[in-house]
Amino acid sequence: MSSPVSVFTPEESRAIKQSWKALTADGLLPVGLLLFERFFADVPQVRHMFSGTGIHGDENSPKENFSMETLRENDKFTKHAEGVAAKLSCLVDNLDNTPAVMNICSELGQAHKMYNVKPEYFDRLGGVLLDVLQAAMDVGLDHPTIQAWKKAYEVIAGATKPYL
Ligand code: HEM
């Protein structure tokens with residue numbers, strides 16, 4: 001039974017929890033890597049934030065210089081990828097407890113302010129997450145589970161971005 005403070009319907013909550021369980025069936029790291037490899041390919045200007053990668057790109061650095069192999073072997077990148085998936089798991093677990101989601105997101109926002117993460121990057125990551133889910137489930141954007149995730153990510157990003 002949903003908590004009275006949940007902003008999600010029982011159907012949305014169930015769809016999000018079930019699809020996340022299926023996506024992470026082989027562990028958190030593969031999902032984190034999938035998300036961040038896509039994200040780094042789509043948004044190359046953030047590579048420099050992970051300065052330990054040896055890829056100090058900025059908005060002017062050409063995409064050809066980007067090596068996914070280097071990235072995969074880098075602890076900083078893999079730890080963050082896994083950390084993101086772990087934090088998303090925590091948010092999914094707490095989905096029906098809106099105050100808990102708000103707390104997790106405010107901490108997330110405050111931590112990322114230190115790294116100069118711009119609000120638009122959180123939005124871009126949301127787009128990548130929806131793409132990854134659609135591909136894994138072989139469904140389109142209008143599928144109820146994807147729409148539930150769209151809403152969930154809007155709640156998460158909406159509660160995180162004011163702290164950035
Ligand atoms: C839902 C989205 C995200 C989640 C859940 C997430 C989660 C995390 C976690 C758990 C940490 C480590 C602990 C901490 O400092 O709090 C972290 C660190 C970090 N995150 Fe994120 N993150 C997200 C999005 C992003 C984005 C979009 C960027 C860059 C554009 C980013 C850049 C960083 C950087 C640079 C660090 C520091 C890494 C280090 O120095 O080892 N994160 N993130």
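First listed ligand is number 1; within each ligand, the first listed atom is number 1. The residues of the chain are indexed from 1 along the displayed sequence.
- Other residues, nucleotides and ligands contribute only 12 or fewer heavy atoms inside 6.0 Å of the NZ atom of K150.
- A 4.5 Å side-chain heavy-atom check between V101 and V7 finds every atom pair outside the cut-off.
- In the candidate list F39, Y153, F122, F122 is nearest to atom 24 (C) of ligand 1, counting heavy atoms.
- The protein heavy atom nearest to atom 19 (C) of ligand 1 is H80 CD2, 3.2 Å.
- Of all the atoms in ligand 1, the ones that sit under 4.0 Å from a non-hydrogen atom of L108 are 4 (C), 5 (C), 6 (C), 7 (C).
- Put simply, atom 27 (C) of ligand 1 has protein non-hydrogen atoms near it, under 4.0 Å away.
- For ligand 1, the atoms lying closer than 4.0 Å to a non-hydrogen atom of A111 are 15 (O), 16 (O).
- Of the protein's heavy atoms, M49 SD, 3.6 Å lies nearest to atom 29 (C) of ligand 1.
- Each of the atoms 1 (C), 2 (C), 24 (C) of ligand 1 lies under 4.0 Å from some heavy atom of L125.
- Here is the list of ligand 1 atoms found below 4.0 Å of a heavy atom in V46: 30 (C).
- Taking atom 15 (O) of ligand 1 as the reference point, the nearest protein heavy-atom neighbour is Y115 OH, 2.8 Å.
- The distance criterion of under 3.5 Å between nitrogen or oxygen atoms is met by H112 with respect to ligand 1.
- No salt bridge links D42 with R124; every basic N to acidic carboxylate O contact stays at or beyond 4.0 Å.
- Within a 4.0 Å radius of atom 5 (C) of ligand 1, the protein contributes one or more non-hydrogen atoms.
- The distance from the CG atom of L108 to the CZ atom of F122 is 4.5 Å, given to the nearest 0.5 Å.
- Here the side chains of E12 and L95 are not in contact, with every heavy-atom distance at 4.5 Å or above.
- If you check which protein heavy atom lies closest to atom 39 (C) of ligand 1, you get K76 CE, 3.5 Å.
- Among all heavy-atom pairs drawn from W20 and L129, the shortest one is CZ3-CD1, 4.4 Å.
- In terms of hydrophobic clustering, with Ile, Leu, Val, Met, Phe, Trp and Tyr side chains grouped at heavy-atom distances under 4.5 Å, Y163 and M102 are assigned to different clusters.
- In this structure, H112 has its ring center at least 6.0 angstrom away from the ring center of Y121.
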